[in-house]
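For ligands, and for the atoms within them, numbers begin at 1 and follow the listed sequence. In this text the structure is predicted, and so the values were computed from the model without any measurement. By convention here, the first residue in the shown sequence is residue 1.
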Amino acid sequence: MNPAMLTVIKLGGSVITDKSKPYTVRSSNLKTASAALAKLYGEGYDIVLVHGGGSFGHPTAAKYRLHEGGLSPEKVRGFSETRYWMTKLNTLVVEHLLRLNVPAVSLQTSAIAVNSGGKLSRISLDVLREMLARRLVPVLYGDAVIDLSRGFSILSGDTLAARIAVELGAKSLVYVMGAGGVYSKPPGSPDARLLREIAENDVLTVGGTHGVDVTGGLREKLAEAFYAAKNGVRVCIGGVNFIEKMVKGEEAPYTVVKA
Ligand SMILES: Nc1ncnc2c1ncn2[C@@H]1O[C@H](COP(=O)(O)OP(=O)(O)O)[C@@H](O)[C@H]1O
Ligand SMILES: [Mg+2]
C-alpha cells in the first residue's frame with residue numbers, strides 16, 4: 001500500500017439515504033458514488049470507504065438514546081437493533097460496489113473499535129492494512145460501539161474516517177455530503193454561498209441536520225476535518241458528483257479544509 005495513492009472517502013448518510021424517511025436508500029447517489037470509486041480503483045488508488053448511518057442508523061440509535069450511554073436491557077436491545085440496521089445498509093453499499101467489480105469488503109466498525117466516555121478510545125487497523133495490501137476496498141461505517149465507561153455509545157463515520165486517514169497517512173480524506181459542501185449559512189437560506197475554502201477561525205452559521213443525526217452533524221464533522229488537515233491529510237467536503245475531483249485535488253465547486 002502506497003500512502004500517496006491512499007484515499008479515505010466518507011459517504012454521508014444524507015447522500016446514500018433520505019434522512020427524513022426511515023430506512024430509505026438514495027440509489028442514484030449510491031450508483032454515482034460507486035462509479036467514481038470504480039474509476040479511482042481502476043486507476044490504482046487504494047480506497048477505504050466509510051459511510052454514515054443516515055435513515056438506517058440514526059432513527060434506531062435515537063429511539064434508544066444510545067448516544068447518551070447506559071447499560072439497561074433497553075440499551076442492550078437498542079445496540080443489537082442499531083447494529084442490525086447498519087449491517088443492512090452496509091450490505092447495500094457493498095452490493096453496489098461489487099456490481100461495478102470493485103472488491104469491496106465489509107468491515108464491522110464495532111468489532112475493531114471501542115469508545116470511552118463517548119469518544120473513540122481504541123481502534124485496531126491491522127486487518128484493514130492487510131486488506132489494502134491485497135487490493136481490497138474495506139467498507140466501514142458509523143456504528144453503535146462498546147463504550148468502556150458508558151456501556152454503549154456511537155462512533156460517527158466522520159470520526160472514524162478522520163482517524164483512519166491520519167493513522168494510515170492517507171493522501172486525502174473526502175467527506176461527501178448531501179448539501180454539496182460547507183456554506184456560509186445553512187443551505188436553503190436566501191444568501192447562503194458555498195465556501196471554497198474553510199479555516200478553523202472562519203465564522204459560519206451552522207444549522208441543524210435535515211432529519212435525525214445522533215452525532216453532532218456538521219460541527220463535529222468540521223472538528224474531525226481540521227484534526228485530519230493538521231495531521232497532513234488533504235481534506236475536502238463536497239457533493240457526490242465531485243468525488244473524483246476531490247480525491248485528485250482538481251478544481252471544482254467543493255470546500256477545501258485548510259490546516
Ligand atoms: N453552513 C452549512 N453548510 C452546509 N451544511 C449545513 C450548514 N449548516 C447546516 N447544514 C446541514 O448539515 C447537514 C450535513 O451534516 P450531516 O447530516 O451530519 O451530514 P452526513 O450526511 O455526512 O451525516 C446537512 O443536512 C445540512 O443541511
Ligand atoms: Mg452526520
Side-chain angles (χ1 to χ4, degrees), residues 8-26 29-30 32-33 49-62 66-67 82 85-86 89-90 92-93 109 118 120 139-145 153-165 173-228 235-243 246 253-257:
V8 178
I9 299 174
K10 194 289 181 144
L11 276 182
S14 60
V15 177
I16 58 171
T17 73
D18 181 346
K19 273 179 132 167
S20 63
K21 293 196 200 109
Y23 318 117
T24 323
V25 176
R26 288 191 199 273
N29 281 350
L30 205 41
T32 305
L49 182 63
V50 176
H51 64 80
S55 69
F56 285 64
H58 291 285
T60 322
L66 282 186
H67 51 297
T82 305
W85 284 109
M86 284 312 300
L89 178 57
N90 182 249
L92 289 172
V93 174
T109 302
L120 175 56
V139 185
L140 302 89
Y141 42 100
D143 205 0
V145 298
S153 58
I154 302 296
L155 173 54
S156 81
D158 297 336
T159 300
L160 183 62
R163 178 70 83 93
I164 292 172
L173 167 62
V174 168
Y175 286 107
V176 186
M177 232 174 78
V182 182
Y183 288 74
S184 54
K185 295 183 176 169
S189 321
D191 48 353
R193 58 187 174 81
L194 178 72
L195 303 174
R196 298 296 292 262
E197 273 186 3
I198 180 167
E200 214 163 4
N201 299 329
D202 290 351
V203 180
L204 74 151
T205 320
V206 173
T209 295
H210 186 59
V212 195
D213 195 299
V214 290
T215 62
L218 182 62
R219 280 249 176 256
E220 269 313 304
K221 192 191 306 295
L222 286 174
E224 298 297 350
F226 289 123
Y227 150 74
V235 185
C236 309
I237 306 178
V240 73
N241 293 318
F242 300 114
I243 293 177
M246 288 193 277
Y254 58 80
T255 307
V256 175
V257 179

Give a table of atom pairs where an N or O of ligand 1 lies under 3.5 Å from a protein N or O.
residue: ligand 1; atom: 1 (N); partner: Y183; partner atom: O; Å: 2.9
residue: ligand 1; atom: 1 (N); partner: T205; partner atom: O; Å: 3.0
residue: ligand 1; atom: 3 (N); partner: Y183; partner atom: N; Å: 2.9
residue: ligand 1; atom: 8 (N); partner: G207; partner atom: N; Å: 2.9
residue: ligand 1; atom: 17 (O); partner: K19; partner atom: NZ; Å: 2.8
residue: ligand 1; atom: 17 (O); partner: T209; partner atom: OG1; Å: 3.3
residue: ligand 1; atom: 18 (O); partner: D213; partner atom: OD2; Å: 3.0
residue: ligand 1; atom: 21 (O); partner: G13; partner atom: N; Å: 3.2
residue: ligand 1; atom: 21 (O); partner: S14; partner atom: N; Å: 2.7
residue: ligand 1; atom: 21 (O); partner: S14; partner atom: OG; Å: 2.5
residue: ligand 1; atom: 22 (O); partner: K10; partner atom: NZ; Å: 3.2
residue: ligand 1; atom: 22 (O); partner: K221; partner atom: NZ; Å: 2.5
residue: ligand 1; atom: 23 (O); partner: K19; partner atom: NZ; Å: 3.0
residue: ligand 1; atom: 23 (O); partner: D213; partner atom: OD2; Å: 3.4

S55 side chain to T17 main-chain N or O, any donor-acceptor pair under 3.5 Å?
no
If you measure from CG on L218 to CG on L204, what distance do you get to the nearest 0.5 Å?
7.0 Å
Using only atom types and a distance under 3.5 Å, with no angle test, would you say the side chain of S156 pairs donor to acceptor with the backbone of T159?
yes
Could you label the plane-to-plane angle of the F56 and W85 rings as parallel, tilted or perpendicular, counting under 30° as parallel and over 60° as perpendicular?
perpendicular
Using the side chain to side chain contact (heavy atoms under 4.5 Å, CB included) rule, pick out the option among V8, I164, L49 that qualifies with L140.
I164
Out of curiosity, R26 CZ to K21 NZ, how far, rounded to the nearest 0.5 Å?
7.5 Å
